Each structure stands twice: as C-alpha cells, then as structure tokens.
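Values in this document were obtained by computation on a predicted structure and should not be read as measured data.
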Amino acid sequence: MPQSLEEIFNDPVLFISRLSITDKEGKICLLTPTPEQIEMIGALQTGRDCLFLKPRQIGASTIVSAYYFWKWYTSKEPITIAILSHKMMSAKHLLHMYKFFYSKLPNQLRRPLIVENTTELILRDSGAKIMAVSGEASGGLRSFTCNALHISEYAFTPQPEELKATAIAALNGNQLVIESTANAYGDSFHQEVIQANRGEGNWEFRFFGWNGHAGYKQDYPSTYVPTDMDYCHKHELSYGQMYWRDNMIARLGTAKFMREYPLELKDAFAQSGDSYFTDEDLRYMEVVNIDPGNNKFTKLI
C-alpha cells in the first residue's frame, strides 16, 4: 500500500529507503537498509548515546548519516547536527554524503537551503544545520551547542579522549554517536566498549559480528572443505561464509582478520604478536599466590 508523504517523513526507515547512495560498483541506487542498519536506527531512536562496534564495510557511517539527514531534513526547529573528526578532511567526507542525499531528492521534495558550503548545510525555512567540524580547529565546538554529534572510526583518532571531551561539552546532554572498527587492545575505544558491555554509562551499545552481514559469503567450488569445521559448526556458518572467511584470512592473516572482521566481541581486541604472551599462552596459565614465609605456591585458578 503506497505511503503518504506524512507517513514517509515520520518514519526514518521509510524516509531513508528513498535516499540515494553510490554502491561499490559506482552506480547510483536507493539505500535499502540491511538488518544491521535497521538495528542501528532502532538504537539511535532511543535518544541515548550510541556506541557501535562493527566489522568493515557494513555501512555504519552511511546509516548514521542517513538517520541524521532525516532528523535534520524533517525538523521544524533550528537543530544542529555535528560531524566531528580529528581532521577536517574526514568530517567533510561525511558531509559530502549529506550533500549527495540532498542533491538526489526529487525537486518537489527539496527544501531550499540558505547556506551550502564545504562545512555547512542550513535549511532556509527551519534554520536546521549540519556542520563538519575538526578537533584541530582553534574554536572547534566550543562556541555553540549541538543537538546530535557523530564521530566515525573513533578508534583511529590520535587523541580520542580529547575528541570525546570536546563532543560532550558541545552536546550538553544531547545524543553522541560513536561508531568504529577495533584498533588496539586497551585503547580508548576498547575501554569504552568494555564499560558499555557491562551496562555502565548511558551507552546504547551494539556489537555487530561479520557473520550477520549478508555480503560476507562467496560461491565455493564443489571440492571445498572449510579449514576449521569445529568453528563452522560452533557458529552455524554456511560453507559460503566459511569460504569467504578462509579467503580473507589468506589475504590478511588471522590476527588482522579477527580485528577487522570480528565474529565475537573478544575477537575484536585479541592481542597480536606485539604481546610477550599471546592469548593462546594465557589460556594455559594459572594464577597463584606465593606465601613469603615458606615460598609455597597456592593455586587460585
């Protein structure tokens, strides 16, 4: 049944499904949200701060941008949506996505802009604004308050704690969204994930494993047998998924594959060869106490 304009404007999924993107082949197509992206939209709609840990190329930054484009475009108030990155080039890259969404809207739906430049989009009638800002800028976000703020690939920013502090000060209680792939064990993003996974803070936390993404599978030859059948059965993976996984591991190596494409939360921050003890070593270690009086060991685990 066809939806009315009011229904479309009031429903982010219906609205977003009518936005255009450029696909991996460089063709313009409609943005059809995947199950992971719909889950992200649901988290965003709670109004709480959102923390997304995800594998590569599942469209997290695209769907967050599309959601905030909807918020900006349908708002009757002069809200401000901020895209924050440690470098202006990165923030402008995401702003370009908003501009593309806008440029592909049907002419009869396109509301006029009063400002359109390399760092801002402002609607003429509502005054609603989208702006790209950098943590490097001298003024940064310190001179105004925004209604929502998006940081993409937080784990790869040089000073993540400073960037987050700047964001929180500008938000004044409004929604912060951080989405990133994993980078390093024990880094700022890892600490945020640990706390969020414990239910600490105001985070609406979501972890997305690679096995949930429909694109991560390949046609396999009839002679193919997965390299790790126990892993295949444990996670209920298809041969197509295992074939894709085996090929990616052959290209990236196991450690990098687990970081870039985690299936479980522990995979994302598994320690690599930089550690003196590997994760495999630690599995076989026991924790003991030493009695200084008689030098006897007391096993704890």
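Rounding to the nearest 0.5 Å gives a distance of 11.5 Å between CD1 of Ile16 and CD1 of Ile21. Here the OH-OH distance, from Tyr220 to Tyr239, works out to 7.5 Å after rounding to the nearest 0.5 Å. Atom-to-atom distance recorded for Met89:CE and Thr118:OG1 is 12.0 Å, nearest 0.5 angstrom. Distance check: Ser90 OG to Ile83 CD1 gives 11.0 Å after rounding to the nearest 0.5 Å. Between the CG atom of Leu163 and the CD1 atom of Ile151 there is a distance of 4.5 Å, given to the nearest 0.5 Å. Atoms OG and NE2, from Ser61 and His150 in turn, are 6.0 Å apart once rounded to the nearest 0.5 Å.
Remark: side-chain polar atoms of Asn10 are not paired, donor with acceptor, to backbone N or O of Glu7 under 3.5 angstrom. Checked by atom type and distance alone, the side chain of Asp11 never pairs as donor or acceptor with a backbone atom of Ile8 at under 3.5 Å. Under the 3.5 Å distance criterion, the side-chain polar atoms of Tyr67 are left unmatched by any main-chain donor or acceptor of Gly42. Looking at Asp49, its side chain does come within 3.5 Å of a backbone N or O of Leu176 through a donor-acceptor pair. Using a distance-only test at 3.5 Å, with no hydrogens or angles considered, no donor-acceptor pair links the side chain of Arg259 to the main chain of Ala255.
Around NE2 of His93, the count of heavy atoms belonging to other residues, nucleotides or ligands within 6.0 Å does not exceed 12. Within 6.0 Å of CG in Asp23 there are more than 12 heavy atoms belonging to other residues, nucleotides or ligands. Around NZ of Lys217, the count of heavy atoms belonging to other residues, nucleotides or ligands within 6.0 Å does not exceed 12. Within 6.0 Å of CD on Gln45 lie more than 12 heavy atoms contributed by other residues, nucleotides or ligands.
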Apply the test side-chain contact (heavy atoms from CB on, under 4.5 Å) to residues Leu31 and Thr62: give CA-CA distance (whole Å), side-chain angles for both, the deciding distance (0.1 Å), then the verdict. CA-CA 9 Å; Leu31 199 175; Thr62 297; 3.9 Å; yes

Evaluation steps, side-chain contact (heavy atoms from CB on, under 4.5 Å), between Leu95 and Ile130: CA-CA 8 Å; Leu95 181 65; Ile130 298 171; 3.7 Å; yes

Before you tell me yes or no, could you show the steps for Cys146 and Ile81 under side-chain contact (heavy atoms from CB on, under 4.5 Å), namely the whole-Å CA-CA distance, both residues' side-chain angles and the distance that decides it to 0.1 Å? CA-CA 6 Å; Cys146 52; Ile81 308 293; over 6 Å; no

Any chance you could lay out the salt bridge (Lys or Arg N to Asp or Glu O under 4.0 Å) test for Arg56 and Glu153, step after step, and finish with the verdict? CA-CA 10 Å; Arg56 293 283 181 195; Glu153 293 299 354; 3.5 Å; yes

Report the C-alpha separation of Met40 and Cys50 in whole Å, then their side-chain angles, then the decisive distance to 0.1 Å, and conclude whether the side-chain contact (heavy atoms from CB on, under 4.5 Å) test is met. CA-CA 9 Å; Met40 290 181 204; Cys50 292; over 6 Å; no

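Under 4.0 Å is where a charged nitrogen must lie from a carboxylate oxygen, and between Arg124 and Glu116 no such pair does. Ion pairing of Glu25 with Lys27 is absent here, as no side-chain N (NZ or NE/NH1/NH2) approaches a carboxylate O to less than 4.0 Å. A salt bridge between Glu260 and Lys54 is absent, with no side-chain N of the basic residue lying under 4.0 Å from a carboxylate O of the acidic one. Glu120 has a carboxylate O that lies under 4.0 Å from a charged side-chain N of Lys129, or vice versa, which qualifies the two as a salt bridge. A salt bridge is defined here as a Lys NZ or Arg NE, NH1 or NH2 lying under 4.0 Å from an Asp or Glu carboxylate O, and Lys164 with Glu192 meets this definition.
For Gln37 against Gly59, the heavy-atom pair with the smallest separation is NE2-O, 3.1 Å. The two residues Ile114 and Leu123 come nearest to each other via the heavy atoms CG2-O, 4.1 Å. Considering every non-hydrogen atom in both Ala132 and Lys92, the closest pair reads CB-N, 4.1 Å. Pairing each heavy atom of Phe205 with each of Val193, the nearest pair is CZ-CG1, 3.8 Å. Here the shortest heavy-atom pairing between Glu204 and Ala43 reads CG-CB, 3.8 Å. Between Ala155 and Thr181, the shortest heavy-atom contact is CB-O, 3.4 Å.
For the residue pair Thr227 and Asp246, a side-chain donor N or O sits within less than 3.5 Å of a side-chain acceptor on the partner. Glu162 and His86 are not linked by any side-chain donor-acceptor pair at a separation below 3.5 angstrom, with hydrogens and angles left out of the test. Between Ser188 and Tyr154, the side chains place a donor N or O and an acceptor N or O closer than 3.5 Å (distance only, hydrogens not considered). Of the N and O atoms on the side chains of Gln218 and Asn247, at least one donor lies less than 3.5 Å from an acceptor on the other residue. Counted by atom type alone, Glu36 and Thr34 present one or more donor-acceptor pairs between their side chains at under 3.5 Å.
A cation-pi arrangement is present between Arg245 and Tyr231, with the terminal nitrogen or guanidinium carbon under 6.0 Å from the aromatic centre and inside a 45° cone about the axis.
In this structure the side chain of Cys232 never reaches within 4.5 angstrom of the side chain of Gln241, judged on heavy atoms. Side chains of His190 and Ile194 form a contact here, defined as non-hydrogen atoms less than 4.5 Å apart. Counting heavy atoms from C-beta on, the side chains of Tyr243 and Asp219 never come closer than 4.5 Å. Asn197 places a side-chain heavy atom less than 4.5 Å from the side chain of Leu265. When side chains are defined from C-beta on, Met88 counts as touching Thr119, because their heavy atoms get closer than 4.5 Å. Here the side chains of Leu94 and Val64 are not in contact, with every heavy-atom distance at 4.5 Å or above. Looking at heavy atoms from C-beta onward, Ile28 lies in side-chain contact with Phe100 at the 4.5 angstrom threshold. You'll find the side chain of Pro33 reaches within 4.5 Å of the side chain of Ser17, heavy atoms only.
Aromatic ring pairs are classed by plane angle as parallel below 30°, tilted from 30° to 60° and perpendicular above 60°; the pair Phe15 and Tyr73 is tilted. Using cut-offs of 30° and 60° on the angle between ring planes, the pair Phe101 and Tyr98 is perpendicular. Under the 30°/60° scheme for interplanar angles, the aromatic rings of Phe52 and Phe208 are found to stand perpendicular. Using cut-offs of 30° and 60° on the angle between ring planes, the pair Trp244 and Trp210 is tilted.
Cluster membership for Met229 and Phe257, using ILVMFWY side-chain heavy atoms within less than 4.5 angstrom, is shared. One hydrophobic cluster, built from ILVMFWY side chains closer than 4.5 Å, cannot hold both Tyr216 and Met258; they sit in different ones. Under the 4.5 Å side-chain heavy-atom criterion for ILVMFWY residues, a single connected hydrophobic cluster contains both Leu105 and Leu121. Criterion: ILVMFWY side-chain heavy atoms under 4.5 Å apart, direct or through other members. Under it, Leu149 and Ile122 are not part of a common hydrophobic cluster. Cluster annotation: Phe156 and Phe207 are assigned to distinct hydrophobic clusters (Ile/Leu/Val/Met/Phe/Trp/Tyr, side-chain heavy-atom contacts under 4.5 Å, transitive).
With ring centers used as reference points, Phe269 lies 6.0 Å or more from Tyr185.
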